[in-house]
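Report on the following structure.
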Amino acid sequence: MTTSKTTAGGTETARLIETTETFSAHNYHPLPVVIGKAEGVWVWDLEGKRYMDMLSAYSALNQGHRHPRIVAALKEQADKVTLTSRAFHNELFGPFCEKLCRLAGMEMTLLMNSGAEAVETAIKTARKWGYKVKKVPQDKAEIIVCTNNFHGRTTTIVGFSSEDQYREDFGPFTPGFRLIPYDDLDALKKAITPNTIGFLVEPIQGEAGIMMPRDGYLKAAADICRQNRVLLIDDEIQTGFGRTGRMFCADHEGVKPDLYIVGKALGGGVLPVSAVIGRRETLGLFRPGDHGSTFGGNPLACAVGIASLDVIVDERLPEKSAEMGGYFMSRLRALNSPHVREVRGKGLLIGVEIKAERGKARPYCEKLMDLGILAKETHDQVIRFAPPLVISRADADWALERIAKVLA
Ligand SMILES: *Cc1c(COP(=O)(O)O)cnc(C)c1O
């Protein structure tokens with residue numbers, strides 16, 4: 001059979017997208033690109049066209065695609081043992097937990113798989129602490145959350161979302177959550193009651209459109225929490241592991257939360273690995289049978305998690321992110337684009353907000369795709385630029401040249 005290469009590839013792409021539309025629930029609206037191969041900051045479609053990945057799977061690829069050390073760890077472990085369940089011990093589980101605790105300066109961790117599972121685990125941890133230690137009356141515990149939060153997609157989590165679409169037709173929801181405006185310390189003080197056990201917050205709201213609280217917000221919130229015996233539960237699933245230019249985003253304000261929630265880059269872009277990290281006072285309350293996960297802490301995940309953390313530390317990815325992020329953001333601002341309302345962010349978590357009168361962000365993302373840059377809009381008006389933290393200056397310049405064309 002003789003078909004021209006571009007036509008064959010193009011047809012194959014169209015066919016695969018059609019198959020996806022037919023057999024998969026339409027819970028995403030992907031850009032029309034089918035990725036067949038990836039390495040570092042780059043991905044290739046089926047026709048061999050190269051793109052720079054500026055989404056990094058929502059910051060799950062901080063170490064870049066297929067980092068050799070992470071892939072080697074995955075393969076090596078795959079040849080030994082992949083799954084034991086927690087009914088038995090495995091060689092890497094303890095060492096991985098220790099590494100994670102030492103990195104976070106904490107005492108204990110509880111491993112799960114997806115980010116949402118880790119958020120659920122943090123909620124259960126906080127409630128257990130509330131009843132056992134703070135002595136809140138049974139079933140009265142309250143957790144304070146913020147408007148425009150994103151903590152995942154389980155029914156409990158979407159139940160305390162302020163986004164109508166996340167909740168619509170999914171009720172009834174779990175009680176025990178109180179919604180206050182983000183970046184509002186007075187609202188936090190007022191919302192606290194004797195039954196408040198936790199304040200669940202993102203240090204930067206990524207999914208909401210890279211929304212940055214004013215400087216000092218997290219620090220002041222941490223003080224309010226301490227004064228009222230409320231646990232500060234810091235969702236660093238997107239902002240953690242160097243994304244914002246420090247190991248954890250809370251480090252910018254010298255804040256040590258009671259519980260860290262981590263995920264995404266903990267799995268090195270290879271596997272879902274998530275965790276809650278805290279002190280003995282909270283995570284030490286779990287007894288066998290209280291909570292669990294069949295795949296949580298499996299040997300493959302531990303091998304990948306250890307390698308993922310080693311890469312972040314050894315390659316100084318937080319420092320790189322601070323340096324490249326500062327450069328990238330200043331170059332974006334210097335474009336003085338007539339389309340742009342604001343450029344904001346920290347490290348390599350950068351949002352470019354398109355002026356409302358210029359339409360939505362999606363067409364800009366489509367133009368970027370044509371020029372070889374994969375970026376995704378978040379919340380209609382904002383283009384998120386969050387490349388792997390291993391991005392070089394030359395690669396950044398390559399991207400900025402193309403972004404400049406689209407935003408000119
Ligand atoms: C992605 C994300 C989650 C959910 O993680 P999943 O792995 O998709 O379940 C939770 N919180 C924040 C801040 C996130 O960015």
Side-chain angles (χ1 to χ4, degrees), residues 25 27-28 30 55-62 110-126 143 145-163 165-167 170 177 179 182-183 198-213 217-218 221 232-244 246-250 257 259-277 293 295-298 301 304-305 308 345-351 376-379 382 384-386 388-389:
N27 57 329
Y28 279 89
L55 177 65
S56 306
Y58 307 92
S59 298
L61 284 158
N62 286 1
L110 202 165
L111 300 183
M112 300 295 283
N113 311 281
S114 72
E117 281 178 314
V119 172
E120 292 273 356
T121 301
I123 292 167
K124 288 170 87 170
T125 307
I143 294 175
V145 295
C146 295
T147 48
N148 300 318
N149 70 69
F150 183 83
H151 298 289
R153 299 293 200 158
T154 64
T155 45
T156 288
I157 293 170
V158 298
F160 58 77
S161 171
S162 58
E163 188 73 24
Q165 197 199 347
Y166 295 174
R167 299 164 53 92
F170 297 132
F177 298 92
L179 201 59
Y182 190 55
D183 196 15
F199 175 45
L200 171 60
V201 67
E202 300 154 87
I204 293 173
Q205 291 185 323
E207 291 320 291
I210 323 294
M211 303 308 287
M212 319 260 300
Y217 170 67
L218 200 68
L232 178 64
I233 311 167
D234 177 21
D235 184 345
E236 296 262 3
I237 292 171
Q238 184 157 164
T239 52
F241 301 125
R243 173 53 59 188
T244 72
R246 300 292 298 267
M247 186 58 74
F248 298 104
C249 191
L259 298 173
Y260 287 108
I261 310 173
V262 294
K264 292 198 167 123
L266 186 56
V270 168
L271 286 177
V273 186
S274 68
V276 175
I277 323 170
S293 161
F295 282 86
N298 70 75
V304 161
S308 300
K346 260 201 173 96
L348 281 167
L349 185 59
I350 300 170
K376 194 74 169 64
E377 77 280 5
T378 168
H379 272 75
V382 182
R384 168 172 26 203
F385 291 110
L389 308 183

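Just so you know, ligand 1 is whichever comes first in the structure, and atom 1 is the first atom listed for that ligand. Since this is a predicted model, take the numbers as computed values, not measurements.
Protein heavy atom at the shortest distance from atom 5 (O) of ligand 1 is G115 CA, 3.3 Å. In terms of protein heavy atoms, atom 11 (N) of ligand 1 is closest to D235 OD2, 2.7 Å.
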| task | Apply the test side chain to side chain contact (heavy atoms under 4.5 Å, CB included) to residues V273 and S308: give CA-CA distance (whole Å), side-chain angles for both, the deciding distance (0.1 Å), then the verdict. | result | CA-CA 10 Å; V273 186; S308 300; over 6 Å; no
| Pair L200-N149, side chain to side chain contact (heavy atoms under 4.5 Å, CB included): steps then yes or no | CA-CA 9 Å; L200 171 60; N149 70 69; over 6 Å; no
| task | List the steps and the verdict of side chain to side chain contact (heavy atoms under 4.5 Å, CB included) for N148 and M211. | result | CA-CA 9 Å; N148 300 318; M211 303 308 287; 5.8 Å; no
| task | Any chance you could lay out the side chain to side chain contact (heavy atoms under 4.5 Å, CB included) test for C249 and R243, step after step, and finish with the verdict? | result | CA-CA 8 Å; C249 191; R243 173 53 59 188; over 6 Å; no
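One N or O on the side chain of E236 and one on the backbone of A250 form a donor-acceptor pair closer than 3.5 Å. With R167 contributing its side chain and G159 its backbone, the two residues share a donor-acceptor pair below 3.5 Å.
Distances from atom 2 (C) of ligand 1 to the heavy atoms of E117, E120, H151, K264 show the closest one on K264.
Set against the non-hydrogen atoms of Q238, the atoms of ligand 1 under 4.0 Å away are 15 (O). Taking every non-hydrogen atom of E202 and a distance limit under 4.0 Å, the qualifying atoms of ligand 1 come out as 13 (C). Of all atoms in ligand 1, listed by their number and element, those nearer than 4.0 Å to a heavy atom of A116 are 4 (C), 5 (O), 6 (P), 9 (O).
Protein heavy atoms are absent from the 4.0 Å sphere centred on atom 8 (O) of ligand 1.
Of the heavy atoms in Y58, none comes closer than 4.0 Å to ligand 1.
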